[in-house]
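Here the structure comes first, spelled out in structure tokens, and everything after it is commentary.
All values reported here derive from a predicted model rather than from experimental measurement. Note: hydrogens, waters and symmetry copies are ignored here, and every other heavy atom, side chains too, is used. Along the sequence shown, residues carry numbers from 1.
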Amino acid sequence: MRKILTATLLTAAAMFANSISTEACTNVLITKGASNDGSNMISYAADSHQLFGELYFARAAKWPEGTMRKINEWDTGKYLGEIPQIPYTYQRVGNMNEHQLIIAETTYGGRHELEDTTGIMDYGSLIYVALERARTAREAISVIVNLANEYGYYSSGESFSIADKDEVWVMDLIGKGTKMENGKNLRKGIVWVARRVPDGYICAHANQARISTFPLNDPQNCLYAPDVISFAREMGYFSGKDEEFSFCDAYAPLDFGAMRGCEARAWAAFNILCDGKFTFEDENGNLITRDAYDYVEYALGHDASKRFPLFVKPSRKITVKNVADVMRDHYEGTPMDMTTDIGAGGNALPYRWRPMGFEWEGKHYTNERAIATQQTGFWFVGQARGWLPDEIGGVDWFGCDDAATSYLTPIYTSTYEIPECFREGNGNMITYSATSSFWMNNRVTNACYKMYNIMAPTVRAEIDAWENSMVEAIAKADEQALAMHEAALRKPVKQIKRNDKVCRKEDPFTAVKEYLTEFSVSNAQKIFEKWVALEQLLLVKYIDGNVKAQNPDGTFVTNGHTDCIPAGITQPGYTDKWKEAVAKDHGEVIIEK
């Protein structure tokens, strides 16, 4: 199928093109029973045209009684208010904390009348405050709910991915709107539902609420607001039996944009990780396997009745590299493949500049929104590895900019330090920094956009080599750190005294954390320097649409007379699709006689 909508979809596109978010994120959730190494994993692409890629970091801290924590909206920096600080907060590194808790999100918006402009807690603050206060996924859900209900929820509808060492949860929530009386919002708070992803299964969401019906009496696997159904009835969103209630249908009704621009990405992730076969349990607990293309009409926005399951069982054990590569998808090999239509230009570019929708001769069209996108600020794959101590088990594979042409590098969540290339404040969206990974990755990525099918494979080869080498390096670092950890356990814990009184105990795992800090920082800076060199290589090798030949050792082939003049230059030209289009559009003028 062509990328541009067919005639049968023009009306739908005209109605819903504006509902497709251009600042949209994607999450993939992997349970330990579905992973190759027993880790729970969550991936996240923070996609926004205004978000700068940096690795957020806050050390564990003790706070004096009466301390207040400022809340600024994550998207805009707007000051929203303050909440009382708790006595002790945990260290957080990006979207993970020192106890291997991972939290990510995608925004689905939902019913606009449920937004509360009087609230203090926005979705971003809920994430990072929860990371500071919770040790487990269930604790994080409780923190999120309590904060939103007590201080009000400022954002629109949101889906959270939450994982710890043992469990993985997906959570959909939305505010209750505004009903003011005597200066107070009587509807302050949220309605929500959270479901545990069954072990051995995976989940994905991409800017559309995905929890439909849910078990009402299974607190081990499903938690929800006590008024989640009654509030929907009050608002006129639902009128059936309780057991028929669907959260997403009540609070985030489907439209064309939700399916084509959002759900399609979740479908794509499942399609890749399940090798085209979706295995899941039906309502009677029977295991069913269906072809991924049984649901493609839903992903295309054609048929809302063909919604695919919330949880599916992958056909193989999933690696961290598999998850990273899913985040690089542009629907290749599917009816939505972004590399094959004329919109890809002459070099199969799988991106379309915004706005996504456009009008031509009175008809409305929309481009695809794939998992990989140009406006990514940062992205990661978080691993919670419960068989290892917390000091070693948590790993945040972190990167900046477009996932398809950027690398991930592992950062242990016990680190004492953030690499300079990821440091907060090292540049911003309007201030260039030559030492920032975000800016250097953008230089590489934007270079590729001009001749994508020729240049991007060079970058991808570097990415694969690095990430595969880091998988091996992590295994060795784990082994060394675990030996150090076990040795530390055998030593007596030193006590630090002040004025002859014990004020604290020395951290017995300081050496372990220092070792893992050095590993994390040195490797992050190493790949950053490689990207500096790569950007220079791309300029020299592919200048002016030419491709210079290289020897096996990476040096350029020269003409044999001097080392300054290349030989073996090729000019790959354009794709056949582009040649056909140009010939049809301008052929009578440029045809050879």
Report task. Go through the steps for R385 and D37 under the test salt bridge (charged side-chain N to carboxylate O under 4.0 Å, His left out), then give the verdict. Result -> CA-CA 8 Å; R385 305 180 299 167; D37 62 358; 5.6 Å; no
Query raised in the report: Going through the distances and angles, do R307 and D249 end up as a salt bridge (charged side-chain N to carboxylate O under 4.0 Å, His left out)?
Result: CA-CA 12 Å; R307 177 184 285 151; D249 290 319; 3.0 Å; yes
Report task. Check step by step if salt bridge (charged side-chain N to carboxylate O under 4.0 Å, His left out) holds for D255 and R260. Result -> CA-CA 9 Å; D255 58 24; R260 186 65 169 260; over 6 Å; no
**Report entry** Test log, rule salt bridge (charged side-chain N to carboxylate O under 4.0 Å, His left out), inputs R138 and E167
**Finding:** CA-CA 9 Å; R138 289 175 187 265; E167 299 181 335; 3.0 Å; yes
Query raised in the report: Which is it for R354 and H49 under the side chain to side chain contact (heavy atoms under 4.5 Å, CB included) test, yes or no, and what are the steps along the way?
Result: CA-CA 10 Å; R354 302 306 187 241; H49 296 276; 3.6 Å; yes
Query - Step-by-step side chain to side chain contact (heavy atoms under 4.5 Å, CB included) determination, V444 to V459 - result: CA-CA 8 Å; V444 168; V459 177; 3.8 Å; yes
**Report entry** N442 vs T445, side chain to side chain donor-acceptor pair (under 3.5 Å): CA-CA, chis, key distance, verdict
**Finding:** CA-CA 5 Å; N442 267 279; T445 297; over 6 Å; no
**Report entry** Worked check of ring-ring contact (aromatic ring centres under 6.0 Å, His included) between F311 and F280
**Finding:** CA-CA 7 Å; F311 310 129; F280 58 95; over 10 Å; no
Query raised in the report: Does the side chain to side chain contact (heavy atoms under 4.5 Å, CB included) test come out yes or no for M455 and L538, once each step is laid out?
Result: CA-CA 7 Å; M455 298 174 67; L538 295 177; 3.9 Å; yes
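Contact check for I454 versus N347: side-chain heavy atoms found under the 4.5 Å cut-off. The shortest distance between side-chain heavy atoms of S315 and K277 does not fall below 4.5 Å. Annotation: side chain of W353 is in contact with side chain of Y449 (closest heavy-atom distance under 4.5 Å). A 4.5 Å side-chain heavy-atom check between W397 and M470 finds at least one atom pair inside the cut-off. Looking at V193 and M171, their side chains never come closer than 4.5 Å, going by heavy atoms from C-beta outward. Taking the side chain as every heavy atom from C-beta outward, I474 and Y412 approach each other to under 4.5 Å. Residues K317 and S35 form no side-chain contact, since every pair of their non-hydrogen atoms from C-beta on lies 4.5 Å or further apart.
Remark: the S43 side chain and the N27 side chain contain no N/O donor-acceptor pair separated by less than 3.5 Å. Checked by atom type, the side-chain pair S39/Q383 shows a donor-acceptor distance below 3.5 Å. For the residue pair T409 / N523, no side-chain donor-acceptor distance below 3.5 Å is found, with atom types taken as modelled. A donor-acceptor contact closer than 3.5 angstrom is absent between the side chains of T339 and H330. Inspection of the Y56 and W74 side chains reveals an N or O donor paired with an N or O acceptor under 3.5 Å. Side-chain contact annotation: N97 with R92, donor-acceptor N/O pair under 3.5 Å absent. Using a 3.5 Å distance cut-off with no hydrogens or angles, the side chains of N95 and Y128 do pair a donor with an acceptor. With no hydrogens or angles considered, no side-chain donor-acceptor pair links D464 and Y407 at under 3.5 Å. Counting only N and O atoms by type, the side chains of W578 and E580 include no donor and acceptor under 3.5 Å apart. For the residue pair W267 / T334, no side-chain donor-acceptor distance below 3.5 Å is found, with atom types taken as modelled. One side chain, Y44 or E105, offers a donor N or O that lies under 3.5 Å from an acceptor on the other. Defined by atom type and a distance below 3.5 Å, a donor-acceptor pair is present between the side-chain atoms of T76 and E73. For the residue pair Y123/D75, the side-chain donor-acceptor check at 3.5 Å is satisfied. Looking only at atom types and distance, the side chain of T458 has a donor-acceptor partner in the side chain of Y542 under 3.5 Å away. Looking only at atom types and distance, the side chain of S212 has no donor-acceptor partner in the side chain of S246 under 3.5 Å away.
Under the ring pair (Phe, Tyr, Trp, His ring centres under 6.0 Å) criterion, F57 pairs with no residue at all, not counting sequence neighbours. Not counting sequence neighbours, Y224 has no partner by the side chain to side chain donor-acceptor pair (under 3.5 Å) test.
Of the candidates F422, W531, Y432, W439 forms a ring pair (Phe, Tyr, Trp, His ring centres under 6.0 Å) with just one, namely Y432. Residue Y153 forms a side chain to side chain contact (heavy atoms under 4.5 Å, CB included) with just one option from L126, I174, I144, and that option is L126. Paired with F398 under the rule ring pair (Phe, Tyr, Trp, His ring centres under 6.0 Å), one option of F378, F438, W379 passes, and it is F378.
For the pair K306 and Y298, the cation-pi test (distance below 6.0 Å, angle within 45°) is failed.
The heavy-atom pair separating M338 from R352 by the smallest distance is O-NH2, 2.7 Å. Taking all atoms of both residues into account, the shortest heavy-atom contact from R195 to C222 is CG-SG, 4.0 Å. The shortest heavy-atom contact between I127 and A104 is CD1-C, 4.5 Å. Nearest heavy-atom pair, S436 versus F52, reported as atom, atom and distance to 0.1 Å: OG-CZ, 3.5 Å. Shown here for L29 and V170, the closest heavy-atom pair between the two residues is CD2-CB, 4.3 Å. Nearest heavy-atom pair across N426 and S433 is OD1-OG, 2.5 Å.
Without hydrogens or angle criteria, S469 side chain to W466 main chain gives a donor-acceptor distance under 3.5 Å. Using a distance-only test at 3.5 Å, with no hydrogens or angles considered, no donor-acceptor pair links the side chain of S125 to the main chain of M121. With hydrogens and angles ignored, the 3.5 Å screen pairs no side-chain donor or acceptor of T106 with any backbone N or O of T26. With Y331 contributing its side chain and R369 its backbone, the two residues share a donor-acceptor pair below 3.5 Å. Formation of a donor-acceptor pair under 3.5 Å by the N207 side chain with backbone atoms of A258 is not found in this model. In this structure, D164 contributes its side chain and Q100 its backbone to no donor-acceptor pair below 3.5 Å. Although no hydrogens or angles enter the test, the distance criterion places no donor-acceptor pair under 3.5 Å between the side chain of Q50 and the main chain of S48. A donor-acceptor contact shorter than 3.5 Å is absent between the side chain of D294 and the backbone of R290. Looking at D172, its side chain does come within 3.5 Å of a backbone N or O of R210 through a donor-acceptor pair. Put simply, the side chain of T431 never gets that close to the backbone of G427: no donor and acceptor are under 3.5 Å apart.
We find that D275 and R316 are joined by a salt bridge, their nearest charged nitrogen and carboxylate oxygen being less than 4.0 Å apart. One finds no salt bridge joining D199 and K32 here, because no Lys/Arg side-chain nitrogen approaches an Asp/Glu carboxylate oxygen to under 4.0 Å.
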